[in-house]
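All remarks here apply to the structure that follows.
Chain letters run A, B, ... following the sequence lines, proteins first and then strands; every chain starts at 1.
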Number of protein chains: 2
Amino acid sequence: MRERILDVALELFSEQGYEKTSLREIAQKLGVTKAALYFHFEHKEDIFLELHLRLHALGREAFDELESLHDGQQRADAWPHVLDHFIDQLIGNRDLLLLHVRNPNALDQLAHNERHQAENEDIQQQMGRLLASPDIPLAQRVRMACSIGAVIGVIIGAGGVFSDVSSAELAALVRDAARDLLFVPGQP
Amino acid sequence: MRERILDVALELFSEQGYEKTSLREIAQKLGVTKAALYFHFEHKEDIFLELHLRLHALGREAFDELESLHDGQQRADAWPHVLDHFIDQLIGNRDLLLLHVRNPNALDQLAHNERHQAENEDIQQQMGRLLASPDIPLAQRVRMACSIGAVIGVIIGAGGVFSDVSSAELAALVRDAARDLLFVPGQP
DNA sequence: GTCTATATTTCGATAGAC
DNA sequence: GTCTATCGAAATATAGAC
């Protein structure tokens, strides 16, 4: 039951937004009552947290690989390859990505959540550390940030303009674009 | 007063999100009561709409210039130059952009708003028409979408990592990156 | 584990005095 | 233009029976 609740919540939170989705609505879609949900989750926020941790787990793999390198420039060099893998992960979990992009404020609420603070090595923090790394040239860090925005923008963006393009073809095109973006002219 | 309401609303909607910001909160920050707001705006949604139309006005200039060109390939060629101008506009109105990125569901609500439907030539629609244009190669359209995501991602993204970089320098770096991104290898 | 029933709070919106 | 006072709806969350 717990998984079914999470699946329905993911769907509704992504479609309508976290705040506009009531527990009553989730329960109705599952054919149970609101009170039944409270047996499995103490607060509404806990449902969102559990879904957030799924993305957390997804991204951890990529960023752990980067942080295993001890030099900033090494990390910057490895970035294109790691991003390729990250693109695949995100395209394979479009719905999870959509949940986060469409509910940034719900994400902020988790900052005050004890369980979330315990799970410290957050994707956002890891990404922040990387993009703030002082031993990577600014121009390159900006382009790394651009590459993330570009990938996310295409996957979720423009309101499904590329929905008739296969995931594989889209991934390949985005990979090529990211590669050109990440090559900084005049840098060794 | 009307402008003061809009300014406070822009601030709170961006910080906390549209749904989580009550009219009572806006009124309190202005030193008036909730009821006073209803003299200036009939519904809460109308406040958000008015703010949305500010961005609408901003983007219209750029997209009108593109749509004045009658050929798809001409539009694609003009895109880098138009994007440059668009980057300046967005950086100069960071708060307005943040409002929209952080409240996608509030934006969706406007679709059912009559006044919004009347204001038809919407940015999203114009952007959609451009990115769906059949006489621009798919690879190029994907890169155009990437460029938008890259720009927005850097301006609002990564939680203020580049906040110590001046707007002018950041804009220049993003412009360069976008230019490299938009050049499609093997295309005339 | 799920139910009914209810407590409690907060929100958007309105009525009418000033 | 702004106030006080209030309505009605809907939300989260809880209590206790089954």
How many Å lie between NZ on Lys20(B) and C1' on dT10(C), as a whole number? 11 Å
Would you say dG1(D) has OP1 or OP2 under 4.0 Å from some side-chain N or O of His40(B)? no
Distance in angstrom units between Arg24(A) CZ and dT12(D) P, rounded: 10 Å
Closest listed nucleotide, where the reference is the side chain of His43(A) and the choices are dA13(D), dT4(D), dA13(C): dA13(D)
Roughly how many Å is it from CG in Leu30(B) to C1' in dC3(D), rounded to a whole number? 15 Å
With respect to the phosphate group of dC3(D), does any side-chain polar atom (N or O) of Thr33(B) fall under 4.0 Å of OP1 or OP2? yes
Name the closest nucleotide to the Val32(B) side chain, picking from dC3(C), dC3(D), dT12(D). dC3(D)
Check the distance between dA13(C)'s C1' and Leu23(B)'s CG and give it to me in whole angstrom. 9 Å
Using 30° and 60° as the class limits, which term best fits the ring planes of Tyr18(B) and Phe13(B): parallel, tilted or perpendicular? perpendicular
Have Gln73(B) and Asp77(B) got a donor and an acceptor in their side chains that come within less than 3.5 Å? yes
Does Ser22(B) make a side-chain N or O approach to OP1 or OP2 of dC11(C) shorter than 4.0 Å? yes
Let's see if you can work this out: which of dC11(C), dA13(D), dA15(C) has an atom nearest to the side-chain heavy atoms of Ala35(B)? dA15(C)
Quick note, Met1(B) side chain, CB onward, closest among dA15(C), dC11(C), dT2(D) is dT2(D)
Can you measure Tyr38(B) atom OH to dC11(C) atom C1' for me and round it to whole angstrom units? 8 Å
Taking CD1 from Ile26(B) and P from dA13(C), how many angstroms apart are they, rounded to a whole number? 12 Å
Which nucleotide in the list dG1(C), dA11(D), dC3(D) gets nearest to the side chain of Phe39(A)? dG1(C)
Given atom CD of Glu25(B) and atom P of dT10(C), what is their separation to the nearest angstrom? 12 Å
State plainly whether the residues Arg54(B) and Glu3(B) are in salt-bridge range, i.e. N to O under 4.0 Å. yes
Those residues that, when tested against Gln125(B), pass side-chain contact (heavy atoms from CB on, under 4.5 Å) (two or more places apart): Asn120(B), Asp122(B), Arg129(B)
Indicate yes or no: at least one non-hydrogen side-chain atom of Leu10(B) is less than 4.5 angstrom from one of Glu50(B). no
